[in-house]
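Okay, so here's the structure we're looking at.
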Amino acid sequence: MDYKQTMNLPQTEFPMRASLAKREPEWLAFWEEIDIDRLVNEATSDGPPFLLHDGPPYANGHIHMGTAFNKVFKDLIVKYKSMRGFHSPYVPGWDCHGQPIEHQVEKDLGPEKMKTTSQAELRALCREYALKFVDVQATEFQRLGVRGDFERPYLTLDPAYEAGNVRIFREMYERGMIYKGSKPIHWCIRCKTALAEAEIEYRDVTSHSIYVPFAFTEPPSAFTVDAGLAADTPVSVLIWTTTPWTLPANVAVTLAADAAYVGVVRDGRVIVFAEELVAQVAEVAGWGAEVELVRGGDGEPVRLTGAELAGLGLTYTHPIHDGVTGVLVTGEHVELSTGTGAVHTAPGHGEEDYLMGQRFGLPSPMPVDDDGVFDAGGGPFAGLRVTEANPRIIEWLAERDALVAATTTSHSYPHCWRCKQPVIFRATEQWFVSMDLAAEGVRPLREGALEAIGQVEWIPGWSVNRIRSMVTDRPDWCISRQRAWGVPIPVFSCASCGETVATDETFDAVIALFETEGADAWFTRKPSEYLPETVRCGRCGGSSLIPEDDIVDVWWESGVSHTSVLDAREELHRPAELYLEGSDQHRGWFQSALLTSVGAYDAPPYERVLTHGFIVDGDGRKMSKSLGNVISPLDVIERSGADIIRLWAAAADYSQDVSISDEILDRTSEAYRRMRNTFRFLLSNLHDYDPSMAVAWDEMPELDRYALVTLSDLVDRVTRAYDEWRFHQVYRAVFDYCVVDLSSFYLDVLKDRLYSDGTDSLSRRSAQTVLASVLTSLVRLVAPILTFTAEEVWQHSPESLRDGHVSVQLAGWPTVEVPAEEADELRAAYKVVLEARDVVTKALEDSRAAKLVNKSQEASVELTAPAEALEVLSARGAERLAEMFIVADLTLAEGDGLGAGVAVASGEKCPRCWNHRTLGVDPAFPELCGRCAGVLAGR
RNA sequence: GGGCCCGUAGCUCAGUUGGUUAGAGCGCACGGCUGAUAACCGUGAGGUCAGUGGUUCGAAUCCACUCGGGCCCA
């Protein structure tokens, strides 16, 4: 007889093979059909708010693993929070303006077409480009399972968004935090345009290399009288430069604070520079092997550190301009490998020079116009182009005996990407956010930002150190860009006197203009068309105004999303409960959002900030085309499915850099399959169950109660891990539970009861009661992570277990209540049982190796245990223990330690349940064991 | 060069305030089962805790330096 038909074998439509790449799109269609985002937001509308505000990725190109990781991360948090009942609307955003898009559009157009393209047309093309990639990325993010308001995302090019920039600018302008200053930028004199770092190509060139002594106005005594030289011995500091044309703009010489400086005696003068470089300079200058140093009374060379020298308050005669002097300062950027250790400093012509100028309050002359031609500030070189001026300046210095050496050097120098000509560093008018200056009665930004940082929760904790040190040390924020694709700096200048005009009236008008027509109108309309007639220049009363040409830094734009999005949208609010981005955003969005929020409202834009590491390869190296280690999320979706990416993301410790490799993805897929099979087993044994059959706690076999305790522990552990942002521990706990608690123990033991006991028996229904609880809890626990698979499980679950929820995302969070005191007893007792089980399985393995038994059901076990353990084990009973160890029978005895002996069971194999028992106890079923006979007899 | 951070078995992670032979799961090897079957169960082998030096009775854990890696600056 085929007893199979008489048993309750597993049945399910839930496929073992996931085929995620094929099935996931079907679930996406399902969610779209039921409008899951709206349903969740409605269901949680009365819940406490938990707003995760999306940082906008740049709308340029396809998503990569970093953006995929970030979005998946956000999605699992939003889904967890909404399942917990929080109201967590998620509005994805995109950063649409900026140089990379403009640059790409310009490249696509080509130089010829560019010439005939108006700014308005260029902006239209940029817009088209950005919107195209918003669509591309939106599709890709959704394919990853990300849920949100993709119907109505926020875009930084939306008119209302653009207007928000003006609101913040106005607040900060009126609070005295925004000023106009000058700053050196890369400038192409041929294209007459500013260049961003990304538009610079570095090439090797041969440049002039000159060593110029700057004569001190008062020779320092340390190098003269103190060393036995005449008090009026001329003393100079020797600088080195490869750009002679920047000398007219010199204002200072920067020394290395800790380096030693010495004086070389040469033709009756003293030339001071770094001791380390004496031999090098002597060679270039042709001084020969014997270099005479200024020596003190002890015969040792006179040495002063840079700090000491700068501390003397010396001034020097300007190398070019009569009657002008410069000063000595110290800075960290001074190198001692080449040059003289004394750096010619022209704040108008170099980044570091500019920073030195800021720090020491130096003037910042900039005598070069847009074409690279010296104006009157060029002194004797006025009217010359800088390139022409170089040889003339060298000649001029030589004539005045102010040239120690002139040679050439080869080094890498920035060039324009367009015309391939060398660029220059040139100070231009720019707009700045001041970190330390503000209107009367207004707290300066740095101070306010630092306090705000202290009010925010930073996760992980070290993250606060990073943002704090950055805000503490950062220079003023240059917010203007000489570009077309962006939001204008919303101010005007008076056509007659040049004064800046920015008043309540103009701001109101500009905000209204942007809201109705977008920032494009700034470039197509005349101010007279939208400004009130009453607007006048505050200085000269002029009424003709010129709109500012520059646009605002894109970091500013994304930063103001707290206003343009959180304040502007009804369903959102400021501050957000959470910002979540990669660690690079300490310099980027976290900071631009903080500074604009504190600047405008004196309050942080977020309550907490969570940062994750970067995605690197299996060896911890960054992904790059040249290393050939790039893994595309789109490929992984195609090959393995989005849930594999989601599981990988959840399993990683995001507080460090996160590795991905083929091996890691393979391991992730294996873990996925393990969990999937666990779900499949649960589903397949619940096909004939509904909650009306549920068995009460008190009626359950002890093992089932213990199983509920472990489930309850799991729910607690997982919930805590989610709440404490430790997602990899969620994964860990769930996975270990599936493998250790369920698969290798509880489910393995349960098979006999589920398959062989009476369909409607208490023992089987009790097991199913537990399995139903495990299934409906577990599927919820993993739903934020395995978003597709959880839905698939949900839809395959008996309808009676779904509580009327059309999607698992609407099913809420599980709770499993167990009596606390009894739970403690069970945990303690089963610790002993499981230890004994380990001993038994080990003994079984030994007897398998000895060819004594094969399956554990063939074994008869004698278990010995010390008195204390024996008491616990006896309390369960030998029969229950045999069931839990899946052996034929078991006897207990007291012994020194835990030990197990194995013998071949005496009974015969029951053809129905495959256990080794005494058969034929029921004459009606001579070949069956007693239990199976009872089941078939309907007892 | 500076700021912040990281480096425990092939992989992903545990290792409380320094304290017995450094743990887990996966993978791997071997075995079992064939009523979770492109599944399931068991056993086993894997680690100079990046390296060096130091503090200590005792360090994966504290300190210094070195090496390797990441982000951001320069």
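Below, chain A is the first sequence line, B the second, and so on; all start at residue 1. All of these numbers come straight from a predicted model, not from anything done at the bench.
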Practice problem: Before giving the answer on side chain to side chain donor-acceptor pair (under 3.5 Å), spell out for A/N8 and A/D688 the whole-Å C-alpha distance, their side-chain angles and the decisive distance to 0.1 Å. | Solution: CA-CA 9 Å; A/N8 314 293; A/D688 65 338; over 6 Å; no
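Between B/rA9 and B/rA22, the two C1' atoms lie 10 Å apart (nearest whole Å). A distance of about 14 Å separates the C1' atoms of B/rC13 and B/rG27, rounded to the whole Å. Taking atom P on both B/rG31 and B/rG54, the two are 49 Å apart, rounded to the nearest angstrom. Distance noted for atom P between B/rC57 and B/rG51: 24 Å (whole Å). Across B/rC62 and B/rC49, the matching P atoms stand 15 Å from one another, rounded to whole Å. Spacing between B/rA39 and B/rU34 at atom C1', rounded to whole Å, works out to 10 Å. B/rA45 and B/rC6 are spaced 30 Å apart, taking the C1' atom of each and rounding to whole Å. For the P atoms, the distance from B/rG68 to B/rC63 is 22 Å, rounded to whole Å.
In this entry B/rC30 has B/rG42 as its Watson-Crick or G-U wobble partner, both defining distances falling under 3.5 Å. Across every strand in view, B/rG1 sits in a pair with B/rC73 that passes the Watson-Crick or G-U test at under 3.5 angstrom. If you check B/rU21 for Watson-Crick or wobble pairing at under 3.5 angstrom, you find it has no partner at all. Pairing for B/rC62 is with B/rG54, a Watson-Crick or G-U wobble pair whose two hydrogen-bonding atom distances lie under 3.5 Å. Under the Watson-Crick or G-U wobble criterion, with both distances below 3.5 Å, B/rA9 has no partner in any strand shown.
Side-chain nitrogen and oxygen atoms of A/T678 include none within less than 4.0 Å of the OP1 or OP2 phosphate oxygen of B/rA36. Contact annotation: A/H728 reaches the phosphate of B/rA14 (side-chain N/O to OP1 or OP2, under 4.0 Å). Residue A/Y672 places no side-chain N or O under 4.0 Å from the OP1 or OP2 atom of B/rC26. Checking the phosphate oxygens (OP1, OP2) of B/rC40, a side-chain nitrogen or oxygen of A/R674 falls inside 4.0 Å. Between A/T841 and B/rU43, a side-chain N or O to OP1/OP2 separation shorter than 4.0 Å is present. OP1 or OP2 of B/rA36 has not a single side-chain nitrogen or oxygen of A/N677 nearer than 4.0 Å. Side-chain nitrogen and oxygen atoms of A/K855 include none within less than 4.0 Å of the OP1 or OP2 phosphate oxygen of B/rG42. OP1 or OP2 of B/rG69 lies within a sub-4.0 Å distance of a side-chain N or O belonging to A/R621. Distances shorter than 4.0 Å separate none of the side-chain N or O atoms of A/K842 from OP1 or OP2 on B/rG42. Dashed line: the shortest gap from a side-chain N or O of A/N854 to OP1 or OP2 of B/rG31 is not under 4.0 Å.
In this structure, A/V658 and A/M65 have side chains that are not in contact, with every pair of non-hydrogen atoms separated by 4.5 Å or more. With contacts defined as side-chain heavy-atom distances shorter than 4.5 Å, the pair A/S797/A/L683 qualifies. Taking the side chain as every heavy atom from C-beta outward, A/N70 and A/E581 approach each other to under 4.5 Å.
Out of B/rA14, B/rC5, B/rG31, the shortest distance to the side chain of A/W462 is found at B/rC5. Which of B/rA39, B/rA36, B/rG32 sits closest to the side chain of A/R673 comes down to B/rA39. Which of B/rA36, B/rG3, B/rA24 sits closest to the side chain of A/S469 comes down to B/rG3. Closest to the A/E845 side chain, of the nucleotides B/rG70, B/rG42, B/rG35, is B/rG42. In this structure, the nucleotide among B/rC11, B/rA14, B/rG25 sitting nearest to the side chain of A/F735 is B/rG25. Among the nucleotides B/rA74, B/rU34, B/rU12, the one closest to the side chain of A/E352 is B/rA74. Distances from the side chain of A/E663 to the nucleotides B/rG10, B/rA36, B/rC71 place B/rG10 closest. Distance from the side chain of A/R466 is smallest for B/rG3 among the nucleotides B/rC41, B/rA36, B/rG3. Comparing B/rG25, B/rU12, B/rA36 against the side chain of A/V740 picks out B/rG25 as the nearest.
Contact annotation for A/R676: no contact, since no heavy-atom pair falls under 4.0 Å across all strands. Residue-level contact check: A/S659 touches the backbone only, with heavy atoms under 4.0 Å from sugar-phosphate atoms and none from bases. Among the atoms of the strands shown, none is found under 4.0 Å from any heavy atom of A/A671. Within 4.0 Å (heavy atoms only), A/A849 reaches no atom of the nucleic acid at all. Among the heavy atoms of the strands lying under 4.0 Å from A/M7 is at least one base atom, whether or not backbone atoms are also near. Across all strands, A/W914 comes closer than 4.0 Å to base atoms (heavy-atom distances). Contacts of A/S744 with the nucleic acid, taken as non-hydrogen atoms under 4.0 Å apart, involve only primed sugar atoms and P, OP1 or OP2.
Atom CG in A/D736 sits about 14 Å away from atom C1' in B/rC11, given to the nearest Å. When rounded to the nearest whole Å, the span between CZ of A/R753 and C1' of B/rG35 equals 17 Å. Between the CG atom of A/L754 and the C1' atom of B/rG35 there is a distance of 12 Å, rounded to whole Å. When the C1' atom of B/rA38 is taken as reference, atom CZ of A/R17 falls 7 Å away, rounded to whole Å. One atom, CG of A/N465, and another, P of B/rG2, lie 18 Å apart when rounded to the nearest Å. Atoms CZ (A/F69) and C1' (B/rG70) sit 14 Å apart, rounded to a whole Å. Residue A/R667 contributes atom CZ, which lies 12 Å from atom P of B/rC26 at whole-angstrom precision. Here the C1' atom of nucleotide B/rC41 and the CG atom of A/D752 are 15 Å apart, to the nearest Å.
Salt-bridge annotation for A/R667 and A/E663: present, with a side-chain N of the basic residue lying under 4.0 Å from a carboxylate O of the acidic one. Here A/R732 pairs with A/D736 in a salt bridge; the nearest charged N to carboxylate O distance falls below 4.0 Å.
Of the two residues contacting RNA chain B, namely A/S463 and A/D748, the nearest-nucleotide position lying further toward the 5' end is that of A/S463. For the pair A/P10 and A/E670, nearest-nucleotide mapping onto RNA chain B gives the more 5' position to A/E670.
Side-chain atoms of A/R732 and base atoms of B/rA24 include a donor and an acceptor less than 3.5 Å apart.
At least one donor-acceptor pair under 3.5 Å links the side chain of A/R446 to the backbone N or O of A/R474.
Note on residues 648-680 of chain A: pairs passing ring-ring contact (aromatic ring centres under 6.0 Å, His included), not counting sequence neighbours, are A/F69-A/W648, A/F73-A/Y654.
With rounding to the nearest 0.5 Å, the separation of CZ in A/R764 from OG1 in A/T759 is 5.5 Å.
Glycosidic conformation, B/rG18: anti, with the torsion outside 90° of 0.
Counting heavy-atom neighbours within 6.0 Å of A/E724 CD, excluding the residue itself, gives a total above 12.
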